[in-house]
> 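First, the structure itself, so that you have it in front of you.
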Amino acid sequence: MEKVIRNALHSIGDQTPIESMKQVSGGDINQSYYIRTNKQPYFIKGNEGVPSHFFKVEADGLERIQKTRTIQVPQVHYYDEPENGEKGVLVMDWIQQGAQASPEELGRNLALMHKETADQYGLGHSTFVGELDQPNDWKTSWLEYYRDYRLAPQLHLAIQNGRASAKRRSKLEALLEKLDQWIPEKPEASLLHGDLWGGNWMSDAEGRPYLIDPSVLYGDHAFELAFTELFGGFPSSFYKAYEQTFPLPSNYEEVKPLYQLFYLLVHLNMFGESYGSSVDRILNHYTD
């Protein structure tokens, strides 16, 4: 990996000596490194055997967020598009952590980011949720997008993985048939981070909030907020500041479990039956 890192740095014009190279924590999927050259420090993710667009889609997501000028993200310097099992890296600025960002600032800035909109839902190319491929084509209907590109693929994967019992499969198929009772057809198509839990934001040395590890799409902003509530990590002041800037729909509490269902199905498919009871609880609520 060191050779791949050196080649990446040379490709962006940093041929100064590497002063420090150490592996750091940075998620379960990639190897992550702190690299300091004579020029500057970097945060570098590395992997091998991943699809060629694996790093490209993360870089694209970070750049889309950065262009909104609403919330900080790491600057992307370089990414590989590895093929045939080759090693590849994603090179970004190292964000020196320091003072904790205020939850209110995070909430306001996220709401402002969500006010950046598109004319359709999705993105136009596939992305990833964890290591799972995420279909992300454009759709003119949010209802169709959420049904066909979010819930249905996870159902099919659960069937393949043996994690959809006959009862669970029947209830999920029944829910998909009547999803239009709750999921809106034409909400604003907000730019969403797409994987916003407590581990995917951080603070820099000045206490400014940063978003990291996006899986972006354009969709209902309530979808994003529902996930922030699923595993905790966001205090009440975050939600208060968010709603002062971009109010949630009046039916948010009713639709929230349906939006959380997608992420629970992802966790079911990635980590197993420990998430099955949470999936079944939502299915029972909407189909019994």
> If we only count heavy atoms from C-beta on, is the Y146 to Y121 side-chain gap below 4.5 Å?
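Contact flag for Y146/Y121 side chains = no.
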> Testing the basics here: between Y218 and Q120, what is the closest heavy-atom pair and its distance to 0.1 Å?
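It is CB-O, 3.7 Å.
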> Should P184 and D220 count as side-chain neighbours, where that means a heavy-atom distance under 4.5 Å?
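Of all side-chain heavy-atom pairs linking D220 with P184, at least one is under 4.5 Å.
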> Can you confirm whether the side chains of T127 and Q134 place a donor and an acceptor under 3.5 Å from each other?
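The criterion, which ignores hydrogens and geometry beyond distance, is not satisfied for Q134 and T127.
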> Working to the nearest 0.5 angstrom, can you tell me the gap between Y263 OH and Y275 OH?
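The distance works out to 14.5 Å.
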> Would a 4.5 Å heavy-atom cut-off, applied to side chains only, mark E105 and N109 as touching?
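Heavy-atom side-chain distance check passes, below 4.5 Å.
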> Quick one: does any side-chain atom of N269 pair with a main-chain N or O of L265 as donor and acceptor, under 3.5 Å?
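Judged by distance alone, yes, a pair lies under 3.5 Å.
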> Start with the C-alpha distance between V255 and I183, add both sets of side-chain angles, then the distance that settles side chain to side chain contact (heavy atoms under 4.5 Å, CB included), and finish with yes or no.
CA-CA 7 Å; V255 78; I183 301 300; 3.5 Å; yes
> Under 6.0 Å between the ring centres of Y145 and F223?
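No - the distance between ring centres of Y145 and F223 does not fall below the 6.0 Å cut-off.
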> Would you call K171-D288 a salt bridge at under 4.0 Å N-O?
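A salt bridge is present here (some side-chain N lies under 4.0 Å from a carboxylate O).
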> Do you know the tightest heavy-atom contact between F234 and G198?
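Smallest heavy-atom distance, with atoms named: CE1-N, 3.5 Å.
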> Do W142 and E144 pair up side chain to side chain, a donor and an acceptor below 3.5 Å, judged on atom types alone?
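Result is no, nothing qualifies.
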> Please check if the side chain of N30 supplies one atom and the backbone of N47 the other of a donor-acceptor pair under 3.5 Å.
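Absent.
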> Over all heavy atoms of both residues, which pair between A8 and V89 is shortest? Give the atoms and the distance, please.
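Looks like CB-CG2, 3.6 Å.
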> Any side-chain heavy atom of L176 sitting closer than 4.5 Å to one from L155?
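Side chain of L176 against side chain of L155, heavy atoms only: contact under 4.5 Å found.
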> Take a 6.0 Å sphere around CZ of R169 and say whether it holds more than 12 heavy atoms from other residues, nucleotides or ligands.
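12 or below, so no.
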> Can you check whether G61's main-chain N or O pairs, donor with acceptor, with Q66's side chain at less than 3.5 Å?
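Between the backbone of G61 and the side chain of Q66 there is no qualifying donor-acceptor contact (under 3.5 Å).
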> Using modelled atom types only, decide if a donor and an acceptor are shared between the side chain of H114 and the backbone of Y242 within a distance under 3.5 Å.
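No, because the side chain of H114 does not come within donor-acceptor range (under 3.5 Å) of the backbone of Y242.
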> Could you check whether K256 pairs with E253 (Lys NZ or Arg NE/NH1/NH2 to Asp/Glu carboxylate O, under 4.0 Å)?
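Salt bridge present between K256 and E253.
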> Please walk me through it: do M1 and K87 pass side chain to side chain contact (heavy atoms under 4.5 Å, CB included)?
CA-CA 7 Å; M1 188 61 72; K87 295 178 181 178; 4.2 Å; yes
> Working to the nearest 0.5 angstrom, can you tell me the gap between K3 NZ and I5 CD1?
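Output value for this atom pair is 13.5 Å.
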> For residues F227 and H193, establish whether the separation of their ring centroids is below 6.0 Å.
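Ring centres of H193 and F227 not closer than 6.0 Å.
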> Let me see the working for F43 and H77 under ring-ring contact (aromatic ring centres under 6.0 Å, His included), right down to the final yes or no.
CA-CA 10 Å; F43 178 66; H77 295 285; over 10 Å; no
> Determine, for D80 against K45, whether the closest basic-nitrogen to carboxylate-oxygen distance falls under 4.0 angstrom.
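Looking at D80 and K45, the cut-off is not met.
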> Does Q260 use its side chain to pair, donor to acceptor, with the backbone of A226 at less than 3.5 Å?
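Looks like yes, one N/O pair under 3.5 Å.
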> In terms of side-chain geometry, is the basic nitrogen of R64 or D60 positioned less than 4.0 Å from the acidic oxygen of its partner?
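Here R64 pairs with D60 in a salt bridge, since their nearest N and O are under 4.0 Å apart.
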> I'd like to know if the side chain of K186 and the backbone of T140 have a donor-acceptor N/O pair within less than 3.5 Å.
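Side chain of K186 to backbone of T140, a donor-acceptor pair under 3.5 Å: yes, one is there.
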> For residues L90 and I212: do they belong to one hydrophobic cluster (side chain heavy atoms under 4.5 Å, members Ile, Leu, Val, Met, Phe, Trp, Tyr)?
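Unlinked, L90 and I212 end up in two clusters.
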> Of the non-hydrogen atoms in H125 and N136, which two are nearest, and what is the gap between them?
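Here H125 and N136 meet closest at O-CB, 3.0 Å.
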> At their closest point, which heavy atom of F128 faces which heavy atom of S215, and how far apart are they?
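F128 and S215 have their closest heavy atoms at O-OG, 2.5 Å.
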> Counting only N and O atoms by type, is there a donor-acceptor contact under 3.5 Å from the side chain of S203 to the main-chain atoms of A101?
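Confirmed, S203 side chain pairs with A101 backbone.
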> What do the steps show when you test D204 against Q72 for side-chain hydrogen bond (donor to acceptor under 3.5 Å, both in side chains), and what is the final call?
CA-CA 9 Å; D204 71 1; Q72 300 291 325; over 6 Å; no
> Answer yes or no: is there a donor N or O on one side and an acceptor on the other, between the side chain of R36 and the main chain of E19, under 3.5 Å?
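Checked: no pair found.
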> Does the side chain of L9 come within less than 4.5 Å of I12's, by heavy atoms?
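Heavy-atom side-chain distance check passes, below 4.5 Å.
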> Report yes or no: does S170 contribute a side-chain atom to a donor-acceptor pair with the main-chain N or O of K167 at less than 3.5 Å?
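It does not hold such a pair.
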> A quick test of your reading: do over 12 heavy atoms of other residues, nucleotides or ligands sit less than 6.0 Å from CD of Q23?
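Atom CD in Q23 is packed in, count exceeds 12.
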> Show your reasoning for whether side chain to side chain contact (heavy atoms under 4.5 Å, CB included) applies to T228 and Y239.
CA-CA 10 Å; T228 66; Y239 297 100; 2.9 Å; yes
> Is there a side-chain contact between M21 and T37, using heavy atoms and a 4.5 Å cut-off?
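No, their side chains stay 4.5 Å or more apart.
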> If I compare all heavy atoms of L106 with all of L211, which pair ends up nearest, and what's the gap?
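Nearest pair, atom of L106 first, then L211: CD1-CD2, 4.3 Å.
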> Is any side-chain heavy atom of I44 less than 4.5 Å from a side-chain heavy atom of M92?
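Side chain of I44 against side chain of M92, heavy atoms only: no contact under 4.5 Å found.
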> Please confirm whether K22 makes a cation-pi placement over Y33, using NZ or CZ under 6.0 Å from the six-membered ring centre and within 45° of the ring normal.
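No.
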> Are a donor atom and an acceptor atom from the side chains of Y42 and D14 found within less than 3.5 Å of each other?
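Present: a donor and an acceptor within the cut-off.
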> So if you build clusters from Ile, Leu, Val, Met, Phe, Trp, Tyr with side-chain heavy-atom gaps below 4.5 Å, do Y79 and V4 land together?
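Y79 and V4: separate clusters.
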> Would you check if D93 and Q40 make a side-chain contact, meaning some heavy-atom pair closer than 4.5 Å?
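With C-beta onward as the side chain, the pair touches.
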> Output yes when E63 and K56 qualify as a salt bridge under the 4.0 Å nitrogen-oxygen rule, no when they do not.
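Salt bridge flag = no for K56 with E63.
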> Could you check whether atom CG of N38 has more than 12 heavy atoms from other residues, nucleotides or ligands sitting under 6.0 Å from it?
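Atom CG in N38 is packed in, count exceeds 12.
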